[in-house]
Amino acid sequence: MLEIKNLHVKLEEEDKQILKGVDLSVEAGSVHAIMGPNGSGKSTLSYVLSGRDGYEVTDGSATLDGEDLLDLEPEERAAAGLFLAFQYPVEIPGVGNMTFLRTAVNAQRKARGQEEISAADFLKTVRERAKSLKINADMLKRPVNVGFSGGEKKRNEILQMAMLEPKMCILDETDSGLDVDAMKLVSEGVNALRDEGRGFLVITHYQRLLDHIKPDVVHIMANGRIIKSGGPELALEVEQNGYADILAEAV
Amino acid sequence: MALADRKPDATEDRLAAMTLPEGGCIMPAREAALARLRDMGLPNRRDEYWKYTRPDTLVQADALPAALFDAGEAPMFSQFDRLKIVFVDGVFDPEASDDLMMEGVRIDRIADICCKDIHWAKDLYGVLETRGQTPVARPLAALNTAFAQDGVAIHITGKPSKPISLIYFHRSETSDAILHHVIRVEPGAEATILENGPAAARFNKCMEIDIADGGTLHHVRAQGRDHERRAVTHMFARLGTESVFKSFTLTVNGVLTRNEAVIELTGDDAVAHVAGACVGDGEFHHDDTVFITHDAVNCESRQVFKKVLRNGATGVFQGKILVKAGAQKTDGYQISQSLLLDDDSQFLAKPELEIYADDVACSHGSTSGAIDEDALFYLRSRGVPEGEATDLLTLAFLAEAVDEIEDKALAEDIVERLESWLARRR
């Protein structure tokens, strides 16, 4: 589903190479996790895939179901089925959460040549999905993420994911800033979306999240590359011994 | 010859072709205004108060022509039940207007008052304008008082069941209109005044509003969208004890607009809110000049102005809060913000506070900024195309000003218009 080959990326503004040849393949129905020390390029990978400005791809490719992602605008990538759950969800004063969700759902439907969802159907679906994430009516009415707690923001990300029903979900440190209960709630939200047609790429620092969202494959990223891949046991190894051994091994 | 020395000449040039409308009880007010005007002289670009806006085209003898604009949509407020008072190129149109009778209000034409020796408007016409001439001269308002061809005197004695809607059509490319309205709100009375339309190629409008103790007036205005129109408007308001005045203006298009609001809080516990949302594109210059004087205890004033500017448009805000000695417990708030959608557009702001009382809370802020790139990317990453996302953020930016409108149906009408206009430009 998601195929990343030899991806090289540098910061546009400074001549600094961040990704130095990332190879990664996420199949439909599977959950891949990326772990790695700070500054290894994990978040950069998620931003580059979703089309954020400020990065220059110097080599390599990234495709989603064969479609070249790097050639598309961010909204086209979204319509193609890519979703990034932000590490730091953005506050948008003046734009109601509900308006935002409906605009996004309809924009994607339009891009795919589908009809707009009716107001009634939309409302029903939103309420249902919000309820399971313990997002109350007030949060839906408020401006996007404004005045939301860290946990509320992350739950709101998962709600967006649930409404947009993407093919490929990237979760960028979704566990950061979450307490144990919130992490459980968010994980349940993610697990509810696990589906044989959907792939997940979960970026995290900690093994803890992977207790809740069980990965099929774990990758260790360091210095702009994936240096080791393995099963869920790799995450446990990191948790116990840190990255030092793996890094030493890779050199 | 220095520009200042040419001022009397420039003023006489303008006056040469004008004659004072004759007769009636407001004649002395017109004559006094003319004398005041000769004393002050019409403004030129050397005047400090006109530093950011060139008054030339508002001052010169002949109005520049303005092409008519077919918006291809129903005029603002069309779907609301209201009492319509229609002016075409600055002249009252009785055919297009409703019967001016409604319970709780009495409406007369200024032109009719001119034939009468006694009328309540005599005590208001030119009175607030005169008060508003200090500490800053407003010569174009004096010109208006002297020469206004038409307008209405609205006497609100109760609570009329529907808004009074002043509609200004622009039908002649060379029209040069001067309208003067006076509005008196009696104690405890309450009404809503709507205004919309471009009015003329050049429009000089003055509105004097006197709100007695416990009176309330809501004012919602949408200035016409004709690209080439020019307008200078003055709104002078005096507020009595526990009275409320809330004014909102929407401005889209128009090559030149100068809106002055001069508000005096003269009775304790009075509330004055004045807000504006403006969308400027290309050759567009929009100036909000506001002067609010607190001259009583425990009054509240709010100024909320938001301007979206692109393709080289210019926005101006000059806003002042003057708190006189003794005006304790004043709560004054002023915010002016611009959203600049490109590098060619500019926003010029001059916020001022002048405070002579020691127990007051006054705050002001002015910002200029581009669209929030993080928010834009966030929206796009959810599939919202760039243009639509920009519009959504633009509307969000304007929302704080539109929220000042108390009537939610009116506010919604404004938002819907803004949405469709923004979408059309994409």
Side-chain angles (χ1 to χ4, degrees), chain A residues 46-55 69 72-97 99-112 114 143-146 153 156-157 159-166 169-170 172, chain B residues 248 250 275-279 304-308 335-339 341-342 365 367 369-405 408 411-412 414-416 418-420 422-423 426:
Chain A
S46 69
Y47 284 144
V48 169
L49 290 176
S50 57
R52 194 187 186 104
D53 278 347
Y55 302 98
L69 280 178
L72 302 178
E73 295 295 331
E75 55 268 31
E76 294 170 332
R77 300 180 195 205
L82 187 79
F83 181 91
L84 169 66
F86 282 53
Q87 182 180 1
Y88 303 109
V90 181
E91 297 187 5
I92 313 183
V95 177
N97 213 6
T99 308
F100 166 60
L101 280 168
R102 203 180 53 234
T103 307
V105 167
N106 282 331
Q108 292 203 12
R109 292 180 72 100
K110 197 173 155 193
R112 295 189 201 115
Q114 296 165 322
V144 180
N145 294 326
V146 176
K153 283 181 183 171
N156 203 28
E157 293 291 288
L159 174 65
Q160 291 164 37
M161 193 162 90
M163 289 304 296
L164 294 169
E165 300 177 338
C169 310
I170 304 170
D172 187 9
Chain B
F248 170 87
L250 172 71
C278 144
V279 180
V304 180
F305 288 88
K306 300 266 191 164
K307 296 175 200 280
V308 178
I335 183 98
S336 64
Q337 294 181 311
S338 75
L339 177 61
L341 294 177
D342 54 48
T367 64
I371 207 115
D372 181 346
E373 289 295 333
D374 287 335
L376 188 64
F377 174 66
Y378 191 63
L379 289 167
R380 294 179 71 190
S381 78
R382 298 304 180 244
V384 184
E386 189 174 7
E388 209 178 318
T390 304
D391 289 356
L392 209 54
L393 295 173
T394 302
L395 280 171
F397 168 79
L398 294 170
E400 190 187 351
V402 180
D403 281 348
E404 292 289 316
I405 304 171
K408 288 308 146 206
E412 211 167 288
I414 301 264
V415 169
E416 276 169 19
L418 280 167
E419 267 169 0
S420 82
L422 290 173
R426 268 206 305 268

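By convention in this document, chain letters (A, B, ...) are assigned in the order of the sequence lines, proteins followed by strands, and residues within each chain are numbered from 1. Computed from a predicted model, the values in this text were never measured in an experiment.
- For Y88(A) and Y378(B), the distance between ring centers is not under 6.0 angstrom.
- For E412(B), the side-chain hydrogen bond (donor to acceptor under 3.5 Å, both in side chains) criterion is met by no residue, not counting sequence neighbours.
- When the side-chain contact (heavy atoms from CB on, under 4.5 Å) test is applied to A85(A), the partners found at least two apart in sequence or on another chain are F83(A), E157(A), L171(A), T174(A).
- Heavy atoms closer than 4.5 Å to chain B are found in both the backbone and the side chain of R52(A).
- In this structure, chain B has no heavy atom under 4.5 Å from any part of V105(A).
- Only the side chain of N145(A) comes within contact range of chain B, with at least one heavy atom under 4.5 Å from a heavy atom of that chain.
- A salt bridge is absent between R382(B) and E75(A); no separation between the charged side-chain nitrogens and carboxylate oxygens falls under 4.0 Å.
- Both the backbone and the side chain of P89(A) come within less than 4.5 Å of a heavy atom in chain B.
- Between the side chain of E76(A) and the backbone N or O of E73(A), at least one donor-acceptor pair lies under 3.5 Å.
- With respect to chain A, the highest number of heavy-atom pairs below 4.5 Å among A375(B), A399(B), P385(B), G383(B) belongs to G383(B).
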